[in-house]
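One structure is given here, and the rest of the page talks about it.
Residues take their numbers from the sequence shown, with the count starting at 1. Note that the coordinates shown come from a computational prediction; the quantities given were computed from them, not determined experimentally.
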Amino acid sequence: MSRVFRGLFLVSRRGLIGGGLQPPHELPWARQHLLARRSFRGEASQQSVDRVIRGGTVVNAGGVSRADVAISAGKIVGLWDPATVPGADEVDASGLLVMPGGVDSHAHIAQPSSSGGRMAGDWTTATRAAAAGGTTTVIPFSTQDKGGSGVTPMVEAYLDEAAAGACIDYSIHMIVSDPTDEVVNTELPVLAASGLRSIKIFMTYPKNKVGDAEILRVLQCAKECQAVVCVHAENHDAIVHLTQALIAQGKIGTKYHAWCKPPEVEREAVHRIITLAELLDQPIQVFHVTCAGAADEIARAQARGVRVYAETCPHYLVFTAAELDAPSAVGARFLCSPALRTHADQDALWSHLARGTIGNVTSDHAPYNLEGPDGKFWAGEGADFSQIANGMAGIQTRMAVLFSEGVSKGRISLEQFVALSSTNAAKLFGLYPAKGAVAVGADADIVLWDPSKRVTITHDLICDGVDHTPWEGVEVQGWPALTLARGEVMATDGRVDERVAAPGRGHLLHRGPFE
């Protein structure tokens, strides 16, 4: 199967689902694809294609239809009425949903840790796990050290690692921790022009934190570079104050992680970053929204026209802070930042997902082993909660958990599931319509989904290179039956084919200006 290089995609983001924005079926690209489908149907019925997916129900963010999907040279070349075109290879999708492969726009892969320890796995294990779970595109992070180091050397080294190890297509966000004159005036403009159109900043963590003046520098630079800024929003000084007070009182167990990072520190930081972005009219995405207060701030800003987007993660929709109230060996599995919240916050998140305030669901895959000297307990077995590595693995389980908790339980529709797991991220980060759609001209990144299959998640099903899964014992309804990336079968029934999912198979995706 040929592998097609992708150049810059000059794609408007005005079609993002939710928030009252223009629905996808009204966009020019959709009308063009419909015309392509009509004009291609008669011709293609008389010629063979590489592969045909037959008998499935096609689900896009804009609607559901019955159609066979024809694939050639890694692209979708036709959507036809069932059984109208021959194919060299036929895939029986009877009883299955045919959806765009997932786009996970927030995953930490082979990334140096900012909270101590070393992340488990590598580009190969992480992208194989993503494919096993139905995800066909990832956007992880390059880093920058404070102290005058540049962004470019870290980007180049990280992309070299990705080129050697990635099994599926990818882009990256560039973390900026030290926005020097050289970084904002020279490096970021060049990197953005090369197709890296997103920057991440942290409002907390000593190794990464940027203050308000630095935030404004990054926002202004991003505006000039036509890039979007992604934000980890928590009030650093408040967290430090609460952490010191708790430790002074001898409160060092994992349950106190949630005490030092209450919803107020997230809500305040979200309000502040929105205000700064609004001041400069710069688009931002707030990462991993966890609580009602933060989501409400975002909804109010969207209502007054601020270009603020938001995401959340499956663990915030399923687990609560109660998981941390356990011995450290158990509680550490669920120690992440921002911290897990309450059932009431989960109800609020589901409401904001359904309304479109929160536009996509990412894994925030941040994997640390429980065993070994450089994992969760890098600072020793008796370390207090502030010295346990932050993060939870979830790149393989993201789509199954979202489908089970969302679609199977009636909280969101099939179309919303596709928007939240794939389409909206593809649009926001300049990958649409090559990614995020089952449409003529799109890459043949497709997941066939069994909506009725029940699976109990266990570690032996997971191939991410981590020594545990926080999702152990969780039952889901809905499971990937087949994952195709650029037309090639990467995984079957959640099990990856390592011969096809070979290291270095993935392509770097260049992205056009954020409009």
Side-chain angles (χ1 to χ4, degrees), residues 106 108 111-117 141 143-149 173-180 183-184 199-219 222 229-249 251-252 254 256-279 282 284-291 293-295 297-298 308 310-313 316 321 324 335-341 364 366 378-379 383-392:
H106 185 172
H108 302 273
Q111 178 188 320
S113 173
S114 61
S115 61
F141 305 87
T143 59
Q144 183 202 13
D145 296 327
K146 281 186 176 290
S149 68
H173 307 294
M174 301 174 289
I175 293 175
V176 174
S177 302
D178 195 0
T180 63
V183 167
V184 299
I199 299 165
K200 182 182 181 182
I201 57 174
F202 288 84
M203 299 172 75
T204 188
Y205 294 134
K207 293 182 179 180
N208 301 115
K209 172 184 172 292
V210 289
D212 287 357
E214 294 170 307
I215 290 172
L216 287 166
R217 293 200 83 196
V218 173
L219 292 173
V229 176
C230 306
V231 187
H232 180 129
E234 290 184 285
N235 185 306
H236 178 75
D237 292 335
I239 292 169
V240 170
H241 175 81
L242 294 171
T243 299
Q244 291 174 344
L246 287 164
I247 292 173
Q249 298 169 39
K251 296 176 178 178
I252 64 172
T254 51
Y256 298 108
H257 175 73
W259 291 32
C260 83
K261 296 192 170 192
E264 290 81 0
V265 305
E266 181 183 353
R267 185 188 67 204
E268 184 281 331
V270 167
H271 174 81
R272 181 157 39 103
I273 191 62
I274 288 173
T275 301
L276 297 177
E278 186 175 13
L279 183 67
Q282 165 59 30
I284 60 171
Q285 182 175 55
V286 180
F287 274 173
H288 39 49
V289 175
T290 74
C291 62
E297 292 284 352
I298 292 164
V308 54
E311 49 134 268
T312 191
C313 312
Y316 297 117
L324 295 166
L335 195 148
C336 59
S337 290
L340 300 173
R341 304 298 186 201
D364 191 9
W378 63 274
D384 67 73
F385 65 86
S386 71
Q387 298 299 304
I388 297 173
N390 281 228
M392 295 172 63

### Task
Test Glu214 against Ile201 for side-chain contact (heavy atoms from CB on, under 4.5 Å), laying out the working first.
CA-CA 10 Å; Glu214 294 170 307; Ile201 57 174; over 6 Å; no
Taking all heavy atoms of [X] and all of [Y], pick out the closest pair and write down the distance.
X	Y	value
Ala233	Val286	CB-CG1, 4.5 Å
Ala258	Leu340	CB-O, 4.4 Å
Val184	Pro179	CG1-CB, 3.8 Å

### Query
Given the rule in the side-chain contact (heavy atoms from CB on, under 4.5 Å) test, do Val183 and Gln144 qualify, once you have shown the distances and angles that lead to the verdict?
CA-CA 10 Å; Val183 167; Gln144 183 202 13; 3.7 Å; yes
Distance, nearest 0.5 Å, that separates [atom1] of [X] from [atom2] of [Y]:
X	Y	atom1	atom2	value
Ile247	Phe385	CD1	CZ	4.5 Å
Asp384	Leu246	CG	CG	10.0 Å
His288	Asp364	NE2	CG	5.0 Å
Gln282	Ile199	CD	CD1	8.0 Å
Lys207	Ile175	NZ	CD1	12.5 Å
Cys260	His241	SG	NE2	12.0 Å

Within the 4.5 Å heavy-atom criterion, are [X] and [Y] side-chain neighbours or not?
X	Y	value
Cys291	Glu264	no
Thr243	Val240	no
Phe141	His173	yes
Gln387	Trp378	yes
Met174	Lys200	no
Leu276	Leu219	yes
Val289	Glu266	yes
Val308	Ile273	no

### Query
Going through the checks in order, is the side-chain contact (heavy atoms from CB on, under 4.5 Å) test met by Lys209 and Met203?
CA-CA 5 Å; Lys209 172 184 172 292; Met203 299 172 75; 5.9 Å; no
### Message
Check whether Ser177 reaches the backbone of Lys146 with its side chain - one donor and one acceptor, N or O, closer than 3.5 Å.
### Response
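Between the backbone of Lys146 and the side chain of Ser177 there is no qualifying donor-acceptor contact (under 3.5 Å).
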#### Entry: Under 3.5 Å donor-acceptor, Arg267 side chain and Gly293 backbone
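Side chain of Arg267 to backbone of Gly293: no pair is present.
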#### Entry: side-chain hydrogen bond (donor to acceptor under 3.5 Å, both in side chains) involving Asp145 - partner list, sequence neighbours excluded
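Expected list: none.
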### For Gln244, side-chain hydrogen bond (donor to acceptor under 3.5 Å, both in side chains) partners two or more places apart
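Testing Gln244 for side-chain hydrogen bond (donor to acceptor under 3.5 Å, both in side chains), a comparison that skips the adjacent residues, returns none.
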### Message
Please report whether the ring centroid of His232 lies less than 6.0 Å from that of Phe287.
### Response
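No: the rings miss the under 6.0 Å criterion.
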### NE2/His271: more than 12 non-hydrogen atoms of other groups inside 6.0 Å
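No.
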### Task
Test side-chain contact (heavy atoms from CB on, under 4.5 Å) on Asn390 and Tyr205 and set out the steps.
CA-CA 11 Å; Asn390 281 228; Tyr205 294 134; 3.7 Å; yes
### Flag for Asp178-Thr180: side-chain donor and acceptor within less than 3.5 Å
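Note: Thr180 and Asp178 side chains miss the donor-acceptor criterion.
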### Task
Give me the one residue out of Ser337, Cys336, Pro338 that meets side-chain contact (heavy atoms from CB on, under 4.5 Å) with Lys261.
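Answer to the side-chain contact (heavy atoms from CB on, under 4.5 Å) test with Lys261 among Ser337, Cys336, Pro338: Ser337.
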